[in-house]
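To start, the structure under review is shown below, and the notes come after it.
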Protein chains: 2
Amino acid sequence: MKVRQILDQAGFFEGISRESKDALARVCMPIERPKHTTLFREAEPGEAMFLLARGRISLHKLSPEGREVVIKVIQPGEVFAEVILFEKKYYPVTAVSLTEILAFKLLRRDLKHLLREEDFRNDFIAMLLRKQRYLTDKIQQLTSQDVEQRLRAFLLEQYGEREQIQVEINKKQLASAIGATPETLSRLLQDLNRRKCLTWKQGVIKTSPDFWLDG
Amino acid sequence: MKVRQILDQAGFFEGISRESKDALARVCMPIERPKHTTLFREAEPGEAMFLLARGRISLHKLSPEGREVVIKVIQPGEVFAEVILFEKKYYPVTAVSLTEILAFKLLRRDLKHLLREEDFRNDFIAMLLRKQRYLTDKIQQLTSQDVEQRLRAFLLEQYGEREQIQVEINKKQLASAIGATPETLSRLLQDLNRRKCLTWKQGVIKTSPDFWLDG
DNA sequence: GCATAAAATTGACGCGGATCAAGAAAAGCA
DNA sequence: TGCTTTTCTTGATCCGCGTCAATTTTATGC
């Protein structure tokens, strides 16, 4: 079946047994959406978590003053909204597709069933712990790094240390993802350009080795 | 046995069965330490997680420049260093007791065994998700709130909205916990004093209702 | 008890980045 | 294709908070 193939490619739960993976493929529902689609909103009730197969999704919260704070940009192969499954009935963040996406939806009762299997359970818990570690690192970054360092960390995390990067999100979104305003990002890019570290033209970023060094 | 009683009082894994709790009590080792003791350091290898029964523990990371960034202050009833159990062999943070503490140490293999029990597993996963939600909120706070709001959020989280609070940590530590310098906190407290919102004398904070309102 | 260290306060100063406003460029749409 | 809307850029200004340095206060040890 098609779902099963995509699961294989996407690298969800790599360590799990064939049986668990088949079971997973049986219960999850494919979801395709164009860009700028809201999958769910903060404080909305729900009972499904998602696996992202293709595209990128932004998870953000709204501050009391109405600022949009990006918590994480989800990449293919990652799981999101898993918090809904045990702890609370309400989504803690808003999820919006930044690009066209393909995701899988997984219901609470189905997941609970899958967790009986030790391999699956271990993979699931390991995934949660990985995310915890990510959030921990992010807190450290936000309190001790400037915008340039945060940009570097973001690009590294999302695309790796590459010379050319196809960015499928716009500058406003990227600014938000690194906890800055579009104006600040614009000025930073201008500066990096002058220093011959990084250029950004028509959705393509080109970096020089210098960019990855200093910091 | 004594360990079992403390486990009951501390409220670890409230939903779990009598059998699971007995099993937990059997495998965990009590640890008592004076204040300012380092339990483990960032990047140090280890294979145990902890349950805190009494006292407070600060989890922090060191930034490349040597700044100490507090990730979370652990309270009685909370679990920490659980990341070590599945994902990596190295502690991602440093843990230092802020007060005298009583904690329980739980080894990897024992925990994996306990996770076979559904009740225990659900409680454990729920705990992980609670922490994830906490970290998510913290990121939002750090990027969108000023120091005064962060102080309020910290006191609320740690002690609730009370008129009188016994603070068992010093101002330097508190400053660090809310992502600020001692100087900034000092000035903030002075200002709150002038506005008759909050006083801090000899480890006792007194707040007026005003303090909890504005923000 | 004094001596030394650590914690807390206070002032002066500067910088990173937010905010506001206005214009240029690009994208969406009829 | 022209019109509208959003995104991006650029400049001017402002402010929160960090940094540095100098005291003062409190804690700690002999």
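When reading the values below, keep in mind they use all heavy atoms of this one structure, side chains included, and skip hydrogens, waters and symmetry mates. Bear in mind the structure is a predicted one, so any value in this text is a computation, not a measurement. Residue numbers begin at 1 in each chain, while the letters A, B, ... track the order of the sequences.
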Just to verify, what does F124(B) make a ring pair (Phe, Tyr, Trp, His ring centres under 6.0 Å) with, not counting sequence neighbours?
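Partners of F124(B) under the ring pair (Phe, Tyr, Trp, His ring centres under 6.0 Å) test: none.
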Tell me, which pairs form a ring-ring contact (aromatic ring centres under 6.0 Å, His included) where one or both residues lie in residues 35-83 of chain B, sequence neighbours left out?
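Only F40(B)-F50(B), F40(B)-Y91(B), F50(B)-F80(B) qualify under ring-ring contact (aromatic ring centres under 6.0 Å, His included).
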Residue pairs passing the ring-ring contact (aromatic ring centres under 6.0 Å, His included) test where at least one lies in residues 158-200 of chain B, sequence neighbours excluded:
none
Protein proximity profile, nucleotides 22-30 of chain D - base contact B, sugar-phosphate-only contact S, no contact -, cut-off 4.0 Å on heavy atoms:
---------
Residues touching DNA chain C, which here means a heavy atom under 4.0 Å, drawn from residues 136-146 of chain A
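Listed by number, they are D146(A).
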Tell me every residue that passes side chain to side chain donor-acceptor pair (under 3.5 Å) with T37(A), counting only those two or more places apart in sequence or in another chain.
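Here no residue qualifies.
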Would you please name every residue forming a side chain to side chain donor-acceptor pair (under 3.5 Å) with T207(A), sequence neighbours left out?
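Result, side chain to side chain donor-acceptor pair (under 3.5 Å) vs T207(A): W212(A).
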Considering only nitrogen or oxygen atoms on both sides, find all protein atoms under 3.5 Å from nucleotides 6-10 of chain D and state each distance.
from    : atom 1 : to      : atom 2 : distance (Å)
dT7(D)  : OP2    : K172(A) : NZ     : 3.2
dC8(D)  : OP1    : K171(A) : N      : 3.1
dC8(D)  : OP2    : K172(A) : N      : 2.9
dT9(D)  : OP1    : K171(A) : NZ     : 2.9
dT9(D)  : OP2    : S186(A) : OG     : 3.3
dT9(D)  : O5'    : S186(A) : OG     : 3.3
dT10(D) : OP2    : Q190(A) : OE1    : 2.8

Map every base of DNA chain D to its dot-bracket character, where paired means a Watson-Crick or G-U wobble contact with both distances under 3.5 Å and | marks a partner outside the strand.
.||||||.|||||||||||||||||||||.
Can you pull the contact range of chain B along DNA chain C, 5' to 3', using atoms under 4.0 angstrom from its heavy atoms?
dA7(C) to dA12(C)
Any pair counted as side-chain hydrogen bond (donor to acceptor under 3.5 Å, both in side chains), so long as it reaches residues 70-84 of chain B, sequence neighbours left out:
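Matches after skipping sequence neighbours: Q132(A)-E82(B), R56(B)-Q75(B), K72(B)-E78(B), E82(B)-K131(B).
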Output side-chain donor-acceptor pairs under 3.5 Å for residues 184-193 of chain A, partner residues at least two apart or in another chain, one line each.
from    : atom 1 : to      : atom 2 : distance (Å)
T184(A) : OG1    : T181(A) : OG1    : 3.0
D191(A) : OD1    : R194(A) : NH1    : 3.3
D191(A) : OD2    : R195(A) : NH1    : 3.0

